[in-house]
Protein chains: 2
Amino acid sequence: MTELSTMKDGVANQAEASDRVLQILAEAGRLFASKGFEGTSMRDIALACGISKSLLYHHFSNKDEIYARVAVGSTLELYLFVRDRIPDGPPSQKIRAFMVATAEYFRRYRWAWIASTTAFWNDPDRHRHKERLTRRDRFENFLRGLIQEAIDAGEIRKVDVPMTGRLILSSLNWMHRWYNPNKSATPEQIADIFFDMIFNGLRSGQLVELPGAEPPKAGRRKSR
Amino acid sequence: MTELSTMKDGVANQAEASDRVLQILAEAGRLFASKGFEGTSMRDIALACGISKSLLYHHFSNKDEIYARVAVGSTLELYLFVRDRIPDGPPSQKIRAFMVATAEYFRRYRWAWIASTTAFWNDPDRHRHKERLTRRDRFENFLRGLIQEAIDAGEIRKVDVPMTGRLILSSLNWMHRWYNPNKSATPEQIADIFFDMIFNGLRSGQLVELPGAEPPKAGRRKSR
DNA sequence: GTTTTCACCGACCGATCGGTCAAGTCCGGC
DNA sequence: GCCGGACTTGACCGATCGGTCGGTGAAAAC
């Protein structure tokens, strides 16, 4: 039972699914993440689950559907997941919360996340590809809104908003390529460090308030 | 001829190769980049080149060798390429030059770069995988050296060096997922913007020198 | 003029791919 | 006792995979 609940942890939003389906989604996610969609055969998935290949087709109509269930679980609700974790307060703190929440999502649904961001960055399925872009844009626009908010409040300087969003998302999205769950910090802690670096900058020196600008209370300046 | 020289641009360090080999490497790079290694068949490559599949095996011993030639051309010399473009001067400017040079490399060998970073992040070929990690480490350690230099010179504050390196590389490595060569800035310009954001920070306010620290002349503070 | 070399091709191979299907097992309700 | 439905299987399918093989035609070497 502990094993099943562990597996459940890796699969997002599959509440109504049976244990077997959850097991398939978990194993498929791991395989898609490490070997890619094309590099993973239905036989691989069946073998990893200790079941026959036919059984996969009893629970899913085809390989694409397995991938879709894995990927949908990891990206469909990312926006909602993050949005609900943004507290009231200074805009810069909202940006930090955005980064930490995204990192938490990554930690919780790591394999599904990797599977969905690695495979199919040019999806041959046009409808699915378009839907993916829509979700990505909604997520990215949400972040841009927070950045604009912080600029309007005078907490951050007048930077290029889309480019700033890309920098922040890059720091989070690339994490799966080097993150090692057995070492170092949690994804949330890493996101926090990155926020500090990006917000306060690397440059040595001491910040003084600009006349007319609101005093930025947010963000910590810590040495490591 | 112009067509051949254009193709040559996308393939690094294949000086001694024939035009046909260069064409195969260029087309294979594009295909590997957009569909992945497993998702690209030898028939796909042959079709894209307008030749028979047999001819691929006349010029290369197998599929792996084509991939290796594509990937090696893109990563083997990255370290040397970047190292030779680091000027003498303030350490922070070296970091900036590092970022701009990496971006230039990305622009010049875009498809090969994407192919080599997308496919095989868990390479089944153990020797090749180890070699790749070695090259990556050498590149990353080079950057860490520059960061440490900047800290010792008092140009940047006492941040966590490996984590700072990861932030910088993340901003560059994720670029291929959103960069559009037809729009906006060049990769070098983007790298320059990212350096400004990371070095100076997003936070509004004015920097004053810390007593005892060398005055950081490097890095520009610009609004966009 | 003959032979060697080399870029190139169509036909073919065994293995594996995603996917199907008829048949069996298990199990609670009657 | 048995019946219906959920779960599970091994045998099998056509298509495609990476890779091989014998051969062609033209230019280079002799």
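Note: hydrogens, waters and symmetry copies are ignored here, and every other heavy atom, side chains too, is used. Note on naming: letters A, B, ... go to the chains in the order of the sequence lines (proteins, then strands), and numbering restarts at 1 for each one.
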Q | Nucleotide nearest Lys53(A) (side chain, heavy atoms from C-beta), chosen from dG19(C), dT9(D), dC9(C) | A | dG19(C)
Q | Distance in angstrom units between Ile66(B) CD1 and dG19(D) C1', rounded | A | 12 Å
Q: Over 60° means perpendicular and under 30° means parallel, so classify the ring planes of Tyr105(B) and Trp113(B), tilted if in between.
A: tilted
Q) If you look at every strand shown and take non-hydrogen atoms under 4.0 Å, does Ser41(B) touch a base, only sugar-phosphate, or nothing? A) sugar-phosphate
**Q.** Side chain of Tyr57(A) (C-beta onward), nearest among dG18(D), dC21(D), dT20(C)
**A.** dT20(C)
Q.
I'd like to know if the side chain of Asp137(A) pairs up with that of Asn141(A) as donor and acceptor (distance under 3.5 Å, no hydrogens or angles considered).
A. no
**Q.** Length of the CD1-C1' vector between Ile45(A) and dT16(C), whole Å
**A.** 15 Å
Q. Could you state the CG-P distance from Leu31(A) to dC17(C), rounded to the nearest angstrom?
A. 12 Å
**Q.** Interatomic distance, Met42(B) CE vs dT16(D) C1' [rounded to whole Å]
**A.** 14 Å
Q | Minimum heavy-atom distance between Ile95(A) and Ala150(A), given as atom pair plus value | A | CD1-CB, 4.1 Å
Q) What is the distance, rounded to the nearest whole Å, between atom OH of Tyr67(A) and atom P of dG19(C)? A) 15 Å
Q.
Phe139(B) vs Phe81(B), test: ring-ring contact (aromatic ring centres under 6.0 Å, His included). Steps then yes/no.
A. CA-CA 11 Å; Phe139(B) 185 64; Phe81(B) 182 94; over 10 Å; no
(Q) Pair Phe60(B), Tyr67(B) - check ring-ring contact (aromatic ring centres under 6.0 Å, His included), show working. (A) CA-CA 10 Å; Phe60(B) 302 90; Tyr67(B) 172 77; over 10 Å; no
Q) Roughly, in whole Å, what's the span from NE2 in His58(A) to P in dC21(C)? A) 16 Å
Q: Check every atom of dC8(C), dC21(D), dC12(C) against the side chain of Ser54(B) and return the nucleotide holding the closest atom.
A: dC21(D)
Q: In whole angstrom, give the distance that lies between atom CZ of Phe60(B) and atom P of dG18(D).
A: 15 Å
Q | dT8(D) OP1/OP2 closer than 4.0 Å to side-chain N/O of His59(A) | A | yes
Q | Given DNA chain D, 5'-ward residue of the pair Lys63(B) and Leu55(A), judged by closest heavy atom | A | Leu55(A)
Q: Rounded to the nearest angstrom, tell me the gap between atom CZ in Arg43(B) and atom C1' in dA15(D).
A: 10 Å
